[in-house]
Amino acid sequence: MTAPKVYYFDHNATTRVAPEVLEAMLPFLTEQWGNPSSAYSFGNGVVQHVFYARRKLAALIHSEPREIIFTSCGTESDNAAIHSALHTQPGKRHLLTTAVEHSAILNYCRSLEKQGVETTYLPVDAQGQLDLDLLERSIRPDTALVSVMMANNETGVIFPIAEIGAICRRKGVLFHTDAVQAAGKMPLDVRALGVNFLSLSAHKLNAPKGIGMLFVDKSTKFQPLIVGGHQERSRRGGTENVPYIAGFGRAAELALNRIEEEQTRVRILRDLLEATLLGTIPNSRVNGAGALRLPNTISIAFEQVEAEALLMLLDQAGICASSGSACTTGSLDPSHVLAAMGLPASLARSSLRLSLSFENTAEEVLYVAEQVRQAVQRLRAFSPLANRASTPAAAAVS
Ligand SMILES: Cc1ncc(COP(=O)(O)O)c(C=O)c1O
């Protein structure tokens with residue numbers, strides 16, 4: 001019996017391990033399983049493979065290999081950047097970030113606030129965009145770090161990182177970007193962006209969950225978050241996860257070759273899906289439609305529809321999507337990102353996130369569009385609000 005087809009439209013949550021990536025990992029799970037820190041060649045023979053992976057990631061972000069620290073995930077990379085900025089500048093106890101960051105930033109800042117660190121969370125406008133004048137004015141003499149994500153995981157809205165990098169350099173303040181969602185979808189050049197730190201996570205790039213990296217500019221001081229052995233040149237304790245590092249390296253290589261496809265074929269598919277949904281479902285609107293967005297992401301609100309109920313119907317049709325970020329799906333609170341964009345709670349709770357990849361086809365897009373249309377129609381038929389006139393604010397925005 002063949003398994004029913006899965007229509008996977010949640011690539012911002014995670015991605016499938018590519019066969020080439022698995023192939024790159026297997027030798028280090030089978031024959032070459034030694035510890036890279038061992039003195040004998042059976043162990044330290046794998047060190048060169050960690051270096052090859054580091055070189056491939058460096059090529060993806062245009063850094064030097066020695067500027068890359070392997071971590072356990074994007075969350076650790078984000079935490080490590082903040083931790084380092086605070087500990088290398090003990091007199092500075094202020095962090096500047098945005099209200100729409102991933103919980104890997106927001107919740108770490110909140111936990112630091114209990115230890116006396118002050119955080120400013122910059123607001124965004126209705127399209128999810130930042131006011132750069134306000135950002136500049138919010139930098140204080142005691143600001144240890146500015147941390148602004150490159151692209152938002154829920155809406156795909158892209159922030160002008162190079163411009164923010166220029167402001168931070170002018171002001172002499174350290175700058176971190178969480179580029180977890182941007183990697184593989186748009187070019188990344190740490191020098192052009194002017195960042196001191198940049199975080200990536202492998203599982204958004206067709207590599208396994210549980211491996212990430214932090215770029216630390218070679219002239220930026222670093223204080224480790226995970227203290228232990230001398231791995232990663234004493235910048236991150238813990239025996240290297242060689243199979244996953246090798247897989248991450250291969251994934252970086254594949255991603256570099258796929259950016260073009262993300263910007264063209266994937267964008268065309270995303271635009272087809274978006275236009276079909278807006279054209280066939282009345283009272284729908286795309287969140288952040290007026291901003292520059294990732295080529296693969298749609299966040300769309302359907303008035304009078306509970307996204308959680310919509311997801312259940314879509315699941316029955318074999319469709320994987322989410323109602324916000326995967327980390328917040330299932331929570332009753334409306335998305336903090338959509339709330340920051342000024343969406344009323346009812347519309348935020350009506351929002352569906354669909355995120356595509358090179359693995360999707362036009363046939364799948366048309367199937368998903370039709371299933372969403374039918375599911376929205378069914379839910380609206382049962383909605384107590386169904387017969388009320390729609391609010392002007394919720395008119396279709398394309
Ligand atoms: C923007 C962003 N930052 C950080 C993370 C966390 O990455 P990880 O799951 O590897 O900890 C995610 C994951 O969804 C993300 O989307």
Side-chain angles (χ1 to χ4, degrees), residues 8-17 21 57 60-61 68-83 97-111 121 124 128 130 145 147-159 161 164 176-186 188 193 195 197-215 225-226 236 238 241 244-245 247-248 251-252 255 262 288 293-294 296-299 320-331 335-338 340 353-357:
Y8 192 79
F9 278 67
D10 204 15
H11 289 92
N12 286 9
T14 197
T15 57
R16 178 211 303 266
V17 173
V21 169
L57 278 149
L60 181 68
I61 64 169
I68 285 167
I69 303 173
F70 287 113
T71 64
S72 67
C73 58
T75 300
E76 183 192 322
S77 304
D78 285 350
N79 282 208
I82 297 173
H83 172 90
T97 188
T98 80
V100 296
E101 297 296 310
H102 189 270
S103 51
I105 295 286
L106 293 180
N107 286 341
Y108 192 51
C109 290
R110 283 182 197 126
S111 77
Y121 301 93
V124 293
L130 284 172
L145 183 73
S147 180
V148 176
M149 69 198 328
M150 190 150 182
N152 188 271
N153 44 305
E154 292 189 34
T155 59
V157 170
I158 295 169
F159 286 140
I161 297 303
I164 299 170
H176 165 249
T177 190
D178 173 339
V180 166
Q181 291 294 343
K185 298 170 191 159
M186 53 195 283
L188 290 178
L193 295 173
V195 291
F197 306 101
L198 178 142
S199 306
L200 294 189
S201 173
H203 74 102
K204 314 290 181 175
L205 282 180
N206 301 96
K209 296 150 197 60
I211 182 87
M213 59 137 273
L214 178 67
F215 157 82
L225 175 67
I226 310 277
R236 202 272 183 184
N241 188 345
Y244 280 39
I245 289 173
F248 194 9
E262 286 279 340
R293 286 181 295 146
L294 288 175
N296 78 319
T297 309
I298 305 175
S299 167
C320 305
S322 74
S323 58
S325 69
C327 309
T328 51
T329 294
S331 126
S335 139
H336 70 281
V337 175
L338 301 180
R353 180 184 73 179
L354 295 157
S355 46
L356 291 75
S357 86

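The basis for the numbers below is simple: all heavy atoms, side chains too, and nothing from hydrogens, waters or symmetry mates. Order of listing sets the numbers, starting from 1, for every ligand and every atom in it. Only a predicted model underlies this, so the values are computations on that prediction, with no experimental measurement involved.
Taking a cut-off of under 4.0 Å to the non-hydrogen atoms of M149, the atoms of ligand 1 that pass are 1 (C). Listed by number with element, the atoms of ligand 1 under 4.0 angstrom from any heavy atom of H203 are 8 (P), 9 (O), 10 (O). Shown in contact with V180 at under 4.0 Å from a heavy atom are these atoms of ligand 1, numbered in order with element: 2 (C), 3 (N), 4 (C), 12 (C), 15 (C). Proximity to N153 (heavy-atom distance under 4.0 Å) selects the following atoms of ligand 1: 1 (C), 16 (O).
Residues H102 and M149 share a closest heavy-atom pair of N-CE, 3.8 Å. Smallest separation of non-hydrogen atoms from D178 and H176: N-CE1, 3.8 Å.
Taking E101 as the reference, nothing meets the salt bridge (charged side-chain N to carboxylate O under 4.0 Å, His left out) condition, with sequence neighbours excluded. Residues meeting the side chain to side chain donor-acceptor pair (under 3.5 Å) test with S111, sequence neighbours left out: none.
Looking at C73 next to ligand 1, no N or O pair under 3.5 Å apart turns up. Checked against a 3.5 angstrom limit, the closest N/O atoms of D178 and ligand 1 fall inside it.
With a 4.0 Å heavy-atom cut-off, ligand 1 is reached by the side chain of K204 but not by its N, CA, C or O.
Partner F159 forms a side chain to side chain contact (heavy atoms under 4.5 Å, CB included) with one of L130, N152, T177 and no other, that one being L130. E154 pairs in a side chain to side chain donor-acceptor pair (under 3.5 Å) with only one of the listed residues (S335, S355, S299), which is S335.
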